[in-house]
Amino acid sequence: MTAEMVAPAWMHEQITAEEYESWSEEQCAGIEIVDGMVVVSPSASKRHNRLARLLANALDATAGPDWNADTDFDVRLQDVPLTNRRPDVIVYRADTIDIAPTRPEHVLLVAEVVSPGSETTDRIVKVDQYARAGIGFYWRIEQAATGTPLVYTYLLDPATRTYRDGDVFAGVLKITAPFAAEIDLNQI
């Protein structure tokens, strides 16, 4: 059996931003575009989804009127070749809520919840892509065996377009800038 018999043609041909924008919301769900190629992501676990939702809710509650926090929508990192990522949690400027696609200059923070199968992508590949795109903060959330998630924070160095290590949090995540938040990770 060949790949053409199993996967539709668009899954093994480079697509453009214009082609992607013509697809329905259903066609775009559960995929990311990396260098013009479709990357299919398996459905996340309930624990993964709950962690992302609770983190987004906590960030949204403390962000104030200038920022929104949400889950599960595309961030257009580049047009050519097309690269769209779908971070688990996104903090973006509230005044850009109706602008599509969401661009890196609209985004303050992206967070990825690491799941089995996404370790290399979340720890290495996405870190580099988000930094090159100029997104100020990246958080990686590890689902520790102890039950309490670990949050690794990274801050963009604009001169080198790379992230430098920030703090690691377990138990309570305390954020002081750009808005004050305290999130009890034990509740997640």
Per the side-chain contact (heavy atoms from CB on, under 4.5 Å) rule, which among Asn68, Ile90, Leu109 passes with Leu59? Leu109
Counting distance only, does the side-chain N/O of [X] pair as donor-acceptor with the main-chain N or O of [Y] below 3.5 Å?
X      : Y      : result
Arg85  : Gln129 : no
Gln14  : Pro81  : no
Glu21  : Glu18  : no
Thr96  : Ile99  : no
Thr71  : Arg53  : no
Thr121 : Ser118 : no

Spacing of [atom1] belonging to [X] relative to [atom2] belonging to [Y], to within rounding of 0.5 Å:
X      : Y      : atom1 : atom2 : value
Thr102 : Ile97  : OG1   : CD1   : 9.5 Å
Glu105 : Arg93  : CD    : CZ    : 7.5 Å
Gln78  : Ile33  : CD    : CD1   : 12.0 Å
Tyr154 : Tyr130 : OH    : OH    : 13.5 Å
Gln143 : Leu150 : CD    : CG    : 10.5 Å
Leu55  : Asp60  : CG    : CG    : 11.0 Å

Quick check: closest heavy atoms across [X] and [Y], and the distance to 0.1 Å?
X      : Y      : answer
Leu82  : Ile15  : CB-O, 4.0 Å
Pro65  : Ala94  : O-CB, 3.3 Å
Ala69  : Ala56  : CB-O, 3.4 Å
Pro87  : Phe73  : CD-O, 3.8 Å
Ile135 : Leu77  : CD1-CD2, 4.1 Å
Pro101 : His106 : O-CE1, 4.0 Å

Can you name the residues that form a side-chain hydrogen bond (donor to acceptor under 3.5 Å, both in side chains) with [X], not counting sequence neighbours?
X      : result
Tyr138 : none
Arg103 : Asp79
Asn57  : none
Asp72  : Arg86

Pair Asp165, Tyr152: side-chain N/O donor-acceptor within cut-off below 3.5 Å: no
Could you tell me if Asp88 and His48 have a donor-acceptor pair between their side chains, going purely by distance under 3.5 Å? yes
Holding to salt bridge (charged side-chain N to carboxylate O under 4.0 Å, His left out), I want the full list of residues that pass it with Arg140, two or more places apart in sequence or in another chain. Glu142
Same apolar cluster: [X] and [Y], side chain cutoff 4.5 Å:
X      : Y      : result
Val34  : Tyr20  : no
Val114 : Val127 : no
Val168 : Leu156 : yes

Indicate yes or no: at least one non-hydrogen side-chain atom of Leu155 is less than 4.5 angstrom from one of Tyr163.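 Not in contact.
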Would you check if Arg47 and Val113 make a side-chain contact, meaning some heavy-atom pair closer than 4.5 Å?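 Contact flag for Arg47/Val113 side chains = no.
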So, Lys126 and Glu32, do they make that salt bridge, N to O below 4.0 Å?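 Yes.
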Given the rule in the side-chain contact (heavy atoms from CB on, under 4.5 Å) test, do Leu51 and Ile141 qualify, once you have shown the distances and angles that lead to the verdict? CA-CA 9 Å; Leu51 182 58; Ile141 297 93; 3.3 Å; yes
Does anything in residues 155-164 form a salt bridge (charged side-chain N to carboxylate O under 4.0 Å, His left out)? List the pairs, not counting sequence neighbours.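 Listed once each, the pairs would be none.
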